[in-house]
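Presented below is the structure to which this report refers.
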Amino acid sequence: MRITLVTVGKIKEKYLEQAIAEYSKRLSRYCRLEIIQVADEKTPEGASSAVEEQIKEKEGERILSQIREGAYVIALAIDGQMLDSVELSQKISKLGIDGISHIVFVIGGSLGLSSRVLKRADYKLSFSRMTFPHQLMRVILLEQIYRSYRIISGEPYHK
C-alpha cells in the first residue's frame, strides 16, 4: 500500500520534525510513505471571508495538483466522520482488500480545505470537533496510521 500525506506549509519546530521522522521510519515496515508539503499562503491580519476563500482556493489548487488519478483521497475535515483507532484500521484494511493501492490523506492549512478539495475527497475524516495546529496534526495522523497497521497485523498497540 502507498500512503501519501499532502499537507499545507512547512514544519517549523524541530520536535515535530523528529516525531514525523520517527513515525515515517516505523511505517516503512508496513507501507510506502510519502509526505508532500505544498506552500501555504500568508493570511493578512483581519482578512475578509472573501480573501480567506481565495487563500483556500490557491492552497487547494496546489493540493489537487499533487493527487494522482486513481488515488483514494481522505480529507481531514472537522465535519468528517469520527472513527476510533480500530475503525480506522478496518477502513485502511478494507480499502486494500477492495484493490485500492494508494491512499492520499490531505491536511489543509490554518484556514482549512477548499470546497474543490473536499469535493475531490472520497472520504472526510475528523479527529475531533476541536481545532488542532495543522503541523501537529501530521504527527497525530502518522501515529494513527502506524497504530492502524499494528492493529491490521495483529501486533500489540497501546490502548
Item to check | Derivation and outcome, salt bridge (charged side-chain N to carboxylate O under 4.0 Å, His left out), residues Arg26 and Glu22 | outcome: CA-CA 6 Å; Arg26 290 182 187 191; Glu22 177 62 27; 2.9 Å; yes
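- Interatomic distance, Lys56 NZ to Leu111 CG, rounded to the nearest 0.5 Å: 7.0 Å.
- Arg29 contributes atom CZ, which lies 4.5 Å from atom CD of Glu155 (distance to the nearest 0.5 angstrom).
- Taking 4.5 Å as the limit, every side-chain heavy atom of Met82 sits out of range of all side-chain heavy atoms of Ser128.
- Between Tyr146 and Leu141 there is no side-chain heavy-atom pair separated by less than 4.5 Å.
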Checklist entry - Would Arg147 and Glu143 count as a salt bridge (charged side-chain N to carboxylate O under 4.0 Å, His left out) if you check the C-alpha gap in whole Å, the side-chain angles of each, and the deciding distance to 0.1 Å? => result CA-CA 6 Å; Arg147 184 180 297 261; Glu143 190 280 334; 2.7 Å; yes
Checklist entry - Between Arg116 and Lys119, does a side chain to side chain contact (heavy atoms under 4.5 Å, CB included) hold up when you go through it step by step? => result CA-CA 5 Å; Arg116 285 184 55 220; Lys119 279 187 192 129; 5.6 Å; no
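- In this structure the side chain of Ile35 reaches within 4.5 angstrom of the side chain of Ser24, judged on heavy atoms.
- Between Ser85 and Gln144 the shortest heavy-atom distance is OG-OE1, 2.7 Å.
- Across every non-hydrogen atom of Gln37 and Lys10, the tightest pair is OE1-CA, 3.6 Å.
- Taking hydrophobic clusters as Ile, Leu, Val, Met, Phe, Trp and Tyr residues chained together by side-chain heavy-atom distances below 4.5 Å, Ile92 does not share a cluster with Ile97.
- Two residues are said to be in side-chain contact when any heavy atoms from C-beta on lie closer than 4.5 Å; Ile107 and Val8 fail this criterion.
- The backbone N or O of Ser89 lies less than 3.5 Å from no partner atom in the side chain of Ser93, so there is not a single donor-acceptor pair.
- Remark: side-chain polar atoms of Asp122 are paired, donor with acceptor, to backbone N or O of Val73 under 3.5 angstrom.
- The closest donor-acceptor contact from the side chain of Asp98 to the backbone of Ile100 lies at 3.5 Å or more, if one exists at all.
- Interatomic distance, CG of Leu76 versus CD1 of Ile140, reported as 9.5 Å (0.5 Å rounding).
- Contact of the Val38 side chain with the Gln66 side chain is registered, since non-hydrogen atoms from C-beta on lie closer than 4.5 Å.
- The CD atom of Gln81 lies 12.0 Å from the CD1 atom of Ile74; values are rounded to the nearest 0.5 Å.
- Looking only at atom types and distance, the side chain of Thr4 has a donor-acceptor partner in the side chain of His102 under 3.5 Å away.
- With hydrogens and angles ignored, the 3.5 Å screen pairs a side-chain donor or acceptor of Glu59 with a backbone N or O of Glu41.
- Tracing side-chain contacts under 4.5 Å through hydrophobic residues (I, L, V, M, F, W, Y), one never reaches Ile103 starting from Val86; they form parts of separate clusters.
- Contact of the Leu5 side chain with the Ile36 side chain is not registered, since no non-hydrogen atoms from C-beta on lie closer than 4.5 Å.
- The hydrophobic clustering, which links ILVMFWY residues whose side-chain heavy atoms are closer than 4.5 Å, places Ile151 and Leu142 apart.
- With contacts defined as side-chain heavy-atom distances shorter than 4.5 Å, the pair Tyr23/Arg138 does not qualify.
- Under a hydrophobic clustering in which Ile, Leu, Val, Met, Phe, Trp and Tyr are joined whenever their side-chain heavy atoms come within less than 4.5 Å, directly or via other members, Tyr72 and Leu33 fall into the same cluster.
- From Ile63, atom CD1 reaches atom OG of Ser114 across 6.5 Å, with rounding to the nearest 0.5 Å.
- Crowding of Lys58 atom NZ: a count of heavy atoms from other residues, nucleotides or ligands under 6.0 Å not exceeding 12.
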Checklist entry - Is there a side chain to side chain contact (heavy atoms under 4.5 Å, CB included) between Leu64 and Val6 once you walk through the steps? => result CA-CA 9 Å; Leu64 291 170; Val6 179; over 6 Å; no
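- The shortest distance between side-chain heavy atoms of Tyr149 and Met1 falls below 4.5 Å.
- Contact between Gly108 and Leu113 at its shortest, heavy atoms only, is CA-CD2, 3.3 Å.
- The main-chain N or O of Arg62 is found under 3.5 Å from a side-chain atom of Ser65 such that the two form a donor-acceptor pair.
- A distance of 7.0 Å separates OG of Ser126 from CD1 of Ile78, quoted to the nearest 0.5 Å.
- Val117 and Met137 fall into different hydrophobic clusters, where Ile, Leu, Val, Met, Phe, Trp and Tyr residues are linked whenever their side-chain heavy atoms come under 4.5 Å apart, directly or through other members.
- Cation-pi geometry between Arg150 and Tyr157 is not satisfied (NZ or CZ under 6.0 Å from the ring centre, within 45° of the ring normal).
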